Amino acid sequence: MIINKQLVINHGDGFRNLISDFSYLDKISLLAYNKINNKDTSIFPGVYNFSGSYTKSEFFEKINKGPDKNYTYITIIEGRSIYDIDDYLANNGYINFGDYINYVSDKKNISKYIEKYEFLKFDFEINNLEGFLYPDTYKIDLGGDFLGQLVDLQLQNFNKKVWEMHKNDFDGFNQKLNKDGNNYNLSFYDIIILASIIEKEENLNQNKPEIAGIFINRLNSSCPGAFRIDADITLCYGLKKPYKYCTSSVIVENLYDSDNLYNTRAVSGLTPSPISNPELITIESLLNYNSTNKCYYLHDNNGKIHSSVNIQEHNILKSKYLNK
């Protein structure tokens with residue numbers, strides 16, 4: 001038989017589905033060969049690529065080996081939330097809209113991963129895996145469980161690159177906080193929350209330790225509006241949509257909405273959960289934050305950060321760098 005085609009088998013399909021578009025003679029020939037030789041026609045879902053001439057024996061041998069591996073590479077960019085990732089995967093045809101969000105929010109899936117990964121073992125219930133879905137490029141077999149592969153690889157990566165490398169740093173972070181005169185502690189989960197905010201607030205890695213130090217101060221009583229992060233971007237997460245839809249006008253419209261618990265302009269303290277999935281360098285920037293007395297900052301047109309102690313200094317810097 002000459003077969004030059006790609007055959008796709010879905011869950012629940014059988015041998016007859018596999019050969020459904022073969023010629024009548026080829027169908028009869030294969031079915032008769034199978035009946036005479038009692039071949040195992042169990043078929044695993046996936047993609048089967050045929051190219052060339054095959055004897056009946058060779059055809060069944062290829063089928064019994066299982067589907068061909070059909071890999072693709074998925075790149076998850078740092079700072080993306082579960083809403084961003086879901087949007088990206090759906091727009092590229094890998095999933096239906098909402099599938100990724102549902103998967104990483106499913107209680108059974110979360111429980112499964114809690115059993116597997118130490119860093120997910122909290123004394124409270126988390127609503128999703130946000131913050132731990134490490135950004136990177138992943139090789140995914142399209143013939144397998146797409147979401148199961150991707151999420152597990154993301155969690156494996158977090159475990160390897162973040163948890164195993166910095167577990168002791170997380171444990172010792174409060175000692176550093178207290179040594180620097182801060183009157184509060186941050187749990188491991190809190191650290192990931194704050195790192196996720198820094199990830200969304202600052203693009204330049206060299207600025208992140210300073211931004212982290214300023215946010216540390218804002219959570220303290222040492223800054224005006226004590227205990228408020230005052231990062232506009234956080235409110236976007238509470239809207240439960242990809243960040244690309246959270247435009248400046250949307251932020252202004254929702255800036256003082258205190259019902260949005262992710263609005264750090266209106267609600268004190270950290271957000272209830274991470275707002276993105278931070279990369280390693282951002283987490284390390286927080287763990288090694290710059291101890292400072294600054295409470296305010298802005299960026300000039302070149303992305304350089306200019307920080308200040310009080311609102312008067314901040315307004316002078318605004319006039320100098322922004323109001324031109």
Side-chain angles (χ1 to χ4, degrees), residues 75-82 84-85 113 117-122 126 128-138 151 153-182 184-220 222-223 229-231 233-234 237 243 264 269-271 273-295 297 299 303-307:
T75 297
I76 307 300
I77 301 173
E78 62 274 4
R80 299 303 186 260
S81 70
I82 60 175
D84 297 315
I85 298 171
Y113 290 125
Y117 296 107
E118 181 187 7
F119 60 82
L120 291 174
K121 298 182 189 300
F122 302 110
I126 56 175
N128 55 55
L129 298 171
E130 190 81 88
F132 308 101
L133 300 163
Y134 197 80
D136 209 335
T137 297
Y138 297 100
V151 171
L153 286 171
Q154 289 180 284
L155 296 173
Q156 284 181 39
N157 222 359
F158 185 95
N159 188 62
K160 179 181 178 180
K161 292 185 175 180
V162 178
W163 181 249
E164 291 181 354
M165 292 288 291
H166 290 290
K167 184 179 185 301
N168 291 336
D169 297 319
F170 293 129
D171 292 340
F173 187 70
N174 287 324
Q175 184 176 350
K176 174 177 170 60
L177 276 180
N178 300 152
K179 183 179 178 181
D180 289 339
N182 295 289
Y184 62 91
N185 292 325
L186 293 179
S187 67
F188 165 61
Y189 195 62
D190 293 334
I191 293 171
I192 299 303
I193 291 174
L194 187 50
S196 76
I197 296 173
I198 296 168
E199 187 70 71
K200 294 304 300 177
E201 188 72 8
E202 181 55 55
N203 292 324
L204 297 179
N205 291 332
Q206 63 265 32
N207 290 342
K208 290 177 180 179
E210 186 165 2
I211 298 296
I214 292 172
F215 282 165
I216 291 291
N217 286 346
R218 289 184 181 180
L219 287 170
N220 209 333
S222 57
C223 288
I229 290 288
D230 281 343
I233 194 67
T234 61
Y237 191 82
Y243 280 106
T264 55
L270 293 169
T271 54
S273 65
I275 67 166
S276 72
N277 294 284
E279 63 177 330
L280 176 61
I281 194 167
T282 305
I283 296 170
E284 290 177 335
S285 294
L286 174 54
L287 292 173
N288 300 287
Y289 69 88
N290 289 351
S291 183
T292 179
N293 64 343
K294 306 296 180 64
C295 293
Y297 68 92
H299 298 87
K304 184 178 179 181
I305 192 170
H306 301 274
S307 55

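Below, all heavy atoms of this structure are taken into account, side chains as well, without hydrogens, waters or symmetry copies. Since this is a predicted model, take the numbers as computed values, not measurements.
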Q. Would you say Y243 and I233 make side-chain contact, with heavy atoms under 4.5 Å?
A. yes
Q | Parallel, tilted or perpendicular, as decided by the 30° and 60° cut-offs, for the rings of Y289 and F173 | A | perpendicular
Q) When rounded to the nearest 0.5 angstrom, what is the spacing between CG in L270 and CD1 in I193? A) 5.5 Å
Q.
I'd like to know if the side chain of Y138 reaches the main chain of V151, judged simply by a donor and an acceptor atom lying under 3.5 Å from each other, with no hydrogens or angles considered.
A. no
Q. With a 4.5 Å heavy-atom cut-off, do I229 and L194 have their side chains touching?
A. yes
Q) Is there a side-chain contact between D169 and N288, using heavy atoms and a 4.5 Å cut-off? A) no
Q: Would you mind reporting whether V162 and F170 have side-chain heavy atoms less than 4.5 Å apart?
A: yes
Q | Pairwise distance CG(N185) to CD(Q175) - rounded to 0.5 angstrom | A | 11.0 Å
Q. Which atoms form the tightest heavy-atom contact between P278 and P135, and what is the distance?
A. O-CD, 3.7 Å
Q) Would a 4.5 Å heavy-atom cut-off, applied to side chains only, mark K161 and I283 as touching? A) no
Q. Heavy-atom count around K121 NZ within 6.0 Å, excluding the residue itself: above 12?
A. yes
Q) Any idea how F158 and F132 line up, ring-wise: parallel (<30°), tilted (30 to 60°), or perpendicular (>60°)? A) perpendicular
Q: To the nearest 0.5 Å, tell me how far E279 CD sits from E284 CD.
A: 9.5 Å
Q: Determine the minimum heavy-atom distance between G131 and P274, stating which atoms define it.
A: CA-CB, 3.8 Å
Q: Say whether, by atom type as modelled, one donor and one acceptor occur between the side chain of T264 and the main chain of A231 under 3.5 angstrom.
A: yes
Q: Apply side chain to side chain contact (heavy atoms under 4.5 Å, CB included) to the pair L286 and I216, showing each step before the final yes or no.
A: CA-CA 9 Å; L286 174 54; I216 291 291; 4.2 Å; yes
Q: Provide the closest heavy-atom pair for L155 versus F119 in the form atom of the first, atom of the second, distance.
A: O-CZ, 3.7 Å
Q: Please assess L129 against L120 for the test side chain to side chain contact (heavy atoms under 4.5 Å, CB included), listing each intermediate value before the final yes or no.
A: CA-CA 9 Å; L129 298 171; L120 291 174; 4.0 Å; yes
(Q) Which residue in the set E164, E118, Q154, M165 passes side chain to side chain contact (heavy atoms under 4.5 Å, CB included) when paired with N159? (A) E164
**Q.** N220 (side chain) donor-acceptor with N217 (main chain) under 3.5 angstrom
**A.** no
(Q) Measuring from atom CG of L177 to atom CG of N182, what distance do you get when rounded to the nearest 0.5 angstrom? (A) 5.0 Å
**Q.** Short side-chain donor-acceptor distance under 3.5 Å, E199 and T282
**A.** yes
Q) Heavy atoms, side chains only, cut-off 4.5 Å: are I198 and E201 in contact? A) no
(Q) Show, in sequence, the C-alpha distance, side-chain angles and deciding distance for E210 and S307, and conclude whether the side-chain hydrogen bond (donor to acceptor under 3.5 Å, both in side chains) test is met. (A) CA-CA 9 Å; E210 186 165 2; S307 55; 2.6 Å; yes
Q: Report yes or no: do K208 and N205 form a side-chain donor-acceptor pair below 3.5 Å?
A: yes
Q. Should Y134 and L280 count as side-chain neighbours, where that means a heavy-atom distance under 4.5 Å?
A. yes
Q) Can you list the steps and then say if Y237 with K200 is a side chain to side chain contact (heavy atoms under 4.5 Å, CB included)? A) CA-CA 11 Å; Y237 191 82; K200 294 304 300 177; over 6 Å; no
Q. Side chains of I76 and N277: does their closest heavy-atom pair fall under 4.5 Å?
A. no
Q | Side-chain donor or acceptor of N128 paired with backbone N/O of E130 under 3.5 Å | A | yes
Q. Judged by modelled atom types alone, do T234 and T271 share a side-chain donor-acceptor pair under 3.5 Å?
A. no
Q | Distance in Å, N290 CG paired with N207 CG, rounded so as to fall on 0.5 Å steps | A | 10.0 Å
**Q.** Y297: ring-ring contact (aromatic ring centres under 6.0 Å, His included) partners, not counting sequence neighbours
**A.** H299
Q: State the CG-OG1 distance between D180 and T292, to the nearest 0.5 angstrom.
A: 10.5 Å
